[in-house]
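Just so it is clear, the structure is predicted and the values come from calculations on it, not from any experiment.
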Amino acid sequence: MNHPHSHEIAQALVDWFTQCGKDYPWRRTTNPWAILVSEIMLQQTTIPTVLGRYEKWMQQFPTPQALAAASEEEALRSWEGLGYYRRVKSLRAAALVITEKHGGIFPESAEEILALPGVGDYTVGAILSFAWNRPAPIVDANVSRVFARLCNDYTPIDSPAGKRAQWALAAEMVHPSQPRAYNSALMELGQTICTPSSPACIICPVRAFCLAQNPADLPVKTPHKEITSLTHHDIWYLTNAGLLLEKQAEGSRHAGLYRLPQREPEQVRNLPLICKQQYNVTRYNVTRHLYLAEASHTSPKEGEEFIPLHRLNGIPMASPDRKLILRYLQKGEDSV
């Protein structure tokens, strides 16, 4: 993948962003830690969602040392609602490395940044360009789409050949003296104008250089994984000691989070069904059946414990569990 006008495109994007770039809190800082946090938060999460959480989260953990000093449970609780909880675990692991290996000083070399847990090539380029204005390439989903259309390239963007071509073009095209503005412009172009459907080509700042004949047909991707349906049979067991919850074991999808205990279908066959909940998580379609349990036919299993109601707000849970628990506690059994 290459483009005969790569340098003209780079300058046009910088000029456009200087006049029209959006104002986000992570664009008002050159602090590499703050930029790392924003990049991790923005992975697979919409900008409006992050805008509602970023500044508050940074007040809680303004430095790597602050996050490193927090327990994993505190970190998970702070991330609740943002989803993809492995991200905050990796962020905390990176904070520990920065604190213990680098004395709390964020590393400045590409190699050392790439060695941080949870950091890949894109994040390295983002930190180098946004924190220190170094000409480093970036490629994410938005950038891939822009490149495919600019070059009218039908190579699947998630194929090895497609990825190599995109990174080569990114390295060639990055603005040598204004990479911070250029990389911001490149991402914003994909977010606001060169969108997945109905791209606004008529107002695109690089329209004159775009080679795409049918922009809406690009980019090409390999087929997505099919949605997997899951059915959970959970119990509601509330006593004077608290609500019975299970802490997810390491290696599970929601490791470290608390959830309502699961049971096999035959174990809940004779229990009253009090709730049916459906929700989607990544590539899973989940149906949860919630049953009312009592001491006469229920005993805690390994990993399960009674959590006093006053502690519920302080422990980490996935959003579907917390919403259901709060709904049930507030409205009572007959209203669920």
Q: Name all residues meeting the side chain to side chain contact (heavy atoms under 4.5 Å, CB included) criterion together with T222; count only those two or more places apart in sequence or in a different chain, and write none if there are none.
A: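 With neighbours one apart ignored, the set is P156, D158.
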Would you give the length of the straight line joining atom [atom1] of [X] to atom [atom2] of [Y], rounded to the nearest 0.5 angstrom?
{"X": "R145", "Y": "L150", "atom1": "CZ", "atom2": "CG", "answer": "11.5 Å"}
{"X": "S90", "Y": "L36", "atom1": "OG", "atom2": "CG", "answer": "10.0 Å"}
{"X": "E302", "Y": "K247", "atom1": "CD", "atom2": "NZ", "answer": "13.5 Å"}
{"X": "K101", "Y": "L116", "atom1": "NZ", "atom2": "CG", "answer": "8.5 Å"}
{"X": "L211", "Y": "C151", "atom1": "CG", "atom2": "SG", "answer": "6.5 Å"}
{"X": "L13", "Y": "L189", "atom1": "CG", "atom2": "CG", "answer": "6.0 Å"}

Of all heavy-atom pairs between [X] and [Y], which one has the smallest distance, and what is that distance?
{"X": "L290", "Y": "L273", "value": "O-CD1, 3.4 Å"}
{"X": "S129", "Y": "A136", "value": "CB-O, 4.5 Å"}
{"X": "R207", "Y": "C201", "value": "CD-O, 3.2 Å"}
{"X": "P316", "Y": "L76", "value": "CB-CB, 3.4 Å"}

Mind checking whether [X] and [Y] have side chains closer than 4.5 Å, heavy atoms only?
{"X": "L218", "Y": "D153", "value": "no"}
{"X": "E305", "Y": "L244", "value": "no"}
{"X": "L186", "Y": "V146", "value": "yes"}
{"X": "P107", "Y": "I98", "value": "yes"}

**Q.** side chain to side chain contact (heavy atoms under 4.5 Å, CB included) between N183 and V143, intermediate numbers included
**A.** CA-CA 9 Å; N183 280 338; V143 173; over 6 Å; no
I'd like to know if the side chain of [X] and the backbone of [Y] have a donor-acceptor N/O pair within less than 3.5 Å.
{"X": "R311", "Y": "P308", "value": "no"}
{"X": "S252", "Y": "A249", "value": "yes"}
{"X": "H254", "Y": "L257", "value": "no"}

Q | Steps toward side-chain hydrogen bond (donor to acceptor under 3.5 Å, both in side chains) verdict (Q11, D15) | A | CA-CA 6 Å; Q11 188 59 54; D15 293 342; 3.0 Å; yes
(Q) For the residue pair T99 / Q65, report whether a side-chain donor-acceptor contact shorter than 3.5 Å exists. (A)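 Per modelled atom types, Q65 and T99 side chains form no pair under 3.5 Å.
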Q: Report the relative orientation of the aromatic rings in H5 and F209; use parallel for angles under 30°, tilted for 30 to 60°, perpendicular for over 60°.
A: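 Rings of H5 and F209: tilted, as their planes differ by 30° to 60°.
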Q: Anything under 30° is parallel, anything over 60° is perpendicular, the rest tilted; go ahead and classify Y237 against F306.
A: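 Ring orientation of Y237 relative to F306: perpendicular.
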Q.
One pair to check against side-chain hydrogen bond (donor to acceptor under 3.5 Å, both in side chains): S78 and Q60. What are the steps and the verdict?
A. CA-CA 9 Å; S78 73; Q60 185 176 1; 4.7 Å; no
Q.
Surrounding CD of E226 (heavy atoms of other residues, nucleotides or ligands, distance under 6.0 Å), is the total greater than 12?
A.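 Check fails, neighbour count at 12 or below.
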(Q) Checking E39 against T123 for the side-chain hydrogen bond (donor to acceptor under 3.5 Å, both in side chains) test, could you report, in this order, the C-alpha distance in whole Å, the side-chain angles of both residues, the deciding distance, and whether it holds? (A) CA-CA 7 Å; E39 292 299 333; T123 306; 5.8 Å; no
Can you give each donor-acceptor pair under 3.5 Å made by side-chain atoms of residues 317-324, sequence neighbours left out, with the distance rounded to 0.1 Å?
unit_1	atom_1	unit_2	atom_2	d
D321	OD2	L260	N	3.2
D321	OD2	R288	NH1	3.1
R322	NE	E80	OE1	3.2
R322	NE	E80	OE2	2.0
R322	NH1	L312	O	3.0
R322	NH2	E80	OE1	2.9
R322	NH2	E80	OE2	3.4
R322	NH2	I315	O	2.5

Q | Residues R134, E108: salt bridge by 4.0 Å N-O rule | A |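 The answer is yes: the pair qualifies as a salt bridge.
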Q) Are D234 and R263 close enough for a salt bridge, meaning some N to O gap below 4.0 Å? A)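 R263 and D234: not salt-bridged.
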(Q) Can you confirm whether or not the ring centre of W236 sits under 6.0 Å from the ring centre of Y291? (A)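 Aromatic pair excluded; centres sit 6.0 Å or further apart.
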(Q) Show every ring pair (Phe, Tyr, Trp, His ring centres under 6.0 Å) that has at least one partner inside residues 20-59, sequence neighbours left out. (A)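 Every ring pair (Phe, Tyr, Trp, His ring centres under 6.0 Å) pair that includes a residue of residues 20-59, provided the two are not neighbours, is Y24-W26, W26-Y54, W57-F61, W57-W79.
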